[in-house]
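Lettering of chains follows the sequences in order, A, B, ..., and the numbering in each one begins at 1.
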There are 2 protein chains.
Amino acid sequence: MKNRQSMIPVYYRLAEDIKQQIESGELKHGDLIPTEGQLCEMYGISRMTVRQGLSLLAEAGLIETIKGKGSFVTCPKLNQLVIDLKTSQATGGEPLRYQLLGVKLIRGDHDFARELGCAESKVITVKRLIYKGDQPVAIEDKYLPYLKGKPLLENQMDYADFPEFVAKHQESVPVRNDMVISVDTLSEEQYKLLEAEQGMPALVIKQVIYSRDDKPLGISIMVCHKDRFQLTATSYPLSGRL
Amino acid sequence: MKNRQSMIPVYYRLAEDIKQQIESGELKHGDLIPTEGQLCEMYGISRMTVRQGLSLLAEAGLIETIKGKGSFVTCPKLNQLVIDLKTSQATGGEPLRYQLLGVKLIRGDHDFARELGCAESKVITVKRLIYKGDQPVAIEDKYLPYLKGKPLLENQMDYADFPEFVAKHQESVPVRNDMVISVDTLSEEQYKLLEAEQGMPALVIKQVIYSRDDKPLGISIMVCHKDRFQLTATSYPLSGRL
DNA sequence: CAGTGGTCTAGACCACCTG
DNA sequence: AGGTGGTCTAGACCACTGA
């Protein structure tokens with residue numbers, strides 16, 4: 001078939017058409033969409049092209065394909081939400097600023113050393129204060145195993161998010177980031193730094209970055225001023241572009 | 001090529017090979033992988049098959065392909081984390097239990113009615129107490145526009161997560177779930193229900209479910225006991241299966 | 001210009017599912 | 001057995017990139 005006048009690919013058109021039918025309600029959750037052979041005839045295109053279109057829909061989570069049976073319309077998975085650290089932290093017009101409070105080398109046994117699997121050796125800790133405009137919004141404490149010959153450089157201090165920081169500092173490739181979101185009350189040191197009141201509650205975001213062999217490469221703990229910092233997440237990004 | 005004795009597809013083998021080279025460090029972030037033509041020769045397979053393998057790697061976020069240039073190894077995106085409501089809420093051995101506290105019909109103008117875009121009409125609100133074992137862990141308030149002929153049925157009350165609940169109750173198809181995670185202090189009613197102390201901080205999880213035309217279909221607010229409920233997220237699910 | 005990836009074809013054989 | 005999706009081929013033309 002020669003449909004080259006339109007710049008958009010045929011398989012994309014097909015995917016859009018079916019997506020439209022799903023969203024308009026013509027095709028409901030659980031329905032069977034036409035078979036690949038039927039779609040070939042309907043669009044006058046080759047089967048590989050049909051499959052390319054269907055794979056788009058499958059990626060977006062709109063259909064689910066079962067060998068020997070067909071492709072079924074699925075209901076969108078709204079209980080999987082994505083947190084994007086880049087956008088989540090940068091809400092509002094003002095950009096974030098970072099103030100380095102200190103870098104320390106810790107020896108001996110303590111919770112973070114054990115969690116990093118280096119109870120016997122040294123741990124580097126970096127403390128930063130995060131501002132939005134003129135207001136302090138969060139305190140960040142990072143813990144990394146000390147690596148010989150891998151000094152922390154000045155320009156490594158300026159990275160916005162923790163995963164990026166670990167990627168620059170570590171030799172092993174970081175492959176996973178686990179996050180725990182909880183709540184605590186600000187300590188005396190913390191509420192002073194954040195220019196908050198004594199005993200104010202705070203959002204606590206803990207991240208642990210792992211290498212491919214599940215060794216922790218770094219820990220970050222962010223203590224956030226409750227009125228100046230929110231985490232957001234949405235189910236939409238999973239649907240990708242379509 | 002006739003390599004049919006092994007049950008695993010050729011394109012999958014190719015993807016695994018390249019993934020291995022990336023994880024072992026042979027291919028580093030930013031490197032160019034062999035061109036599609038080269039891979040065809042190296043594996044003795046057709047170009048479409050090579051492309052199928054590369055698309056797996058692209059889906060998993062391991063490579064990024066640029067027309068006219070080639071495919072580059074990307075660093076894993078650790079700043080996009082997935083919250084899975086199903087697993088996040090069910091941490092620990094004991095299953096969650098739900099106690100219905102009340103269903104009310106609200107008229108007139110208030111914040112939630114405006115947010116739902118039905119300031120003039122009625123809003124249903126459902127309050128539940130969530131237990132883990134014998135301990136109350138969270139209070140959930142749901143707000144939904146009142147729909148004629150769509151009564152809330154008893155068996156609709158038992159759903160674990162909010163998106164599922166909205167899907168059952170609404171006529172429009174829910175397509176997006178936006179979440180805001182913040183912190184507040186328990187009110188008098190709240191700390192009594194949660195068997196907590198006065199003034200205790202709490203994790204607040206607000207969800208808004210939208211239809212495809214961006215109309216809000218429902219709002220859920222969960223107020224969680226800080227020591228009995230935490231949210232978890234991980235970057236790993238994005239990499240899919242490979 | 002040559003090389004790259006993006007799209008597409010018209011076949012083929014297979015494994016799976018259902019009657 | 002007949003229909004479905006899963007895999008794979010050996011070509012083709014195009015648009016984009018770089019030297």
Tell me which nucleotide among [options] gets nearest to the side chain of [X].
{"X": "A:T65", "options": "D:dG11, D:dC8, D:dG6", "result": "D:dG6"}
{"X": "A:R47", "options": "C:dC8, D:dG6, D:dC8", "result": "D:dG6"}
{"X": "A:K67", "options": "C:dA12, C:dC16, D:dC16", "result": "C:dC16"}
{"X": "B:R51", "options": "C:dC16, D:dC8, C:dG5", "result": "C:dG5"}

Phosphate contact ([N] OP1 or OP2) by [X] side-chain N/O below 4.0 Å:
{"X": "B:Y11", "N": "D:dT7", "answer": "yes"}
{"X": "B:Q52", "N": "D:dC8", "answer": "no"}
{"X": "A:T49", "N": "C:dT9", "answer": "yes"}

Item to check | Pairwise 5' ranking along DNA chain C for A:I66 and B:P34, keeping only the more 5' one | outcome: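 Its nucleotide being nearer the 5' end, the pick is B:P34.
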Roughly, in whole Å, what's the span from [atom1] in [X] to [atom2] in [N]?
{"X": "A:E64", "N": "D:dG5", "atom1": "CD", "atom2": "P", "value": "14 Å"}
{"X": "B:I33", "N": "C:dG3", "atom1": "CD1", "atom2": "P", "value": "19 Å"}
{"X": "B:I8", "N": "D:dT7", "atom1": "CD1", "atom2": "P", "value": "12 Å"}
{"X": "B:I45", "N": "D:dG11", "atom1": "CD1", "atom2": "P", "value": "16 Å"}
{"X": "A:M48", "N": "D:dA12", "atom1": "CE", "atom2": "P", "value": "18 Å"}
{"X": "B:K69", "N": "D:dA19", "atom1": "NZ", "atom2": "P", "value": "9 Å"}
{"X": "B:L54", "N": "C:dT7", "atom1": "CG", "atom2": "C1'", "value": "15 Å"}
{"X": "B:L32", "N": "C:dT4", "atom1": "CG", "atom2": "C1'", "value": "10 Å"}

Item to check | Residue pair A:E140, A:K127: steps toward the salt bridge (Lys or Arg N to Asp or Glu O under 4.0 Å) verdict | outcome: CA-CA 6 Å; A:E140 184 196 31; A:K127 189 187 279 289; over 6 Å; no
Item to check | Any side-chain donor near an acceptor of the partner, B:S71 and B:T65, under 3.5 Å | outcome: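 Judged by distance alone, the side chains do pair up.
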Item to check | Modelled atom types, side-chain donor and acceptor of A:Y43 and A:D17, under 3.5 Å | outcome: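 Looking only at side-chain atoms, A:D17 and A:Y43 do form a donor-acceptor pair, the distance falling under 3.5 Å.
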Next on the checklist: Tell me which one of B:V204, B:L231, B:L203 satisfies side-chain contact (heavy atoms from CB on, under 4.5 Å) with B:C224.
Outcome noted: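 Testing each of B:V204, B:L231, B:L203 against B:C224, the sole residue satisfying side-chain contact (heavy atoms from CB on, under 4.5 Å) is B:L203.
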Next on the checklist: Check this for me: does any side-chain nitrogen of one of A:D214 and A:R176 sit under 4.0 Å from a carboxylate oxygen of the other?
Outcome noted: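 Counted as a salt bridge, because a side-chain N and a carboxylate O are separated by less than 4.0 Å.
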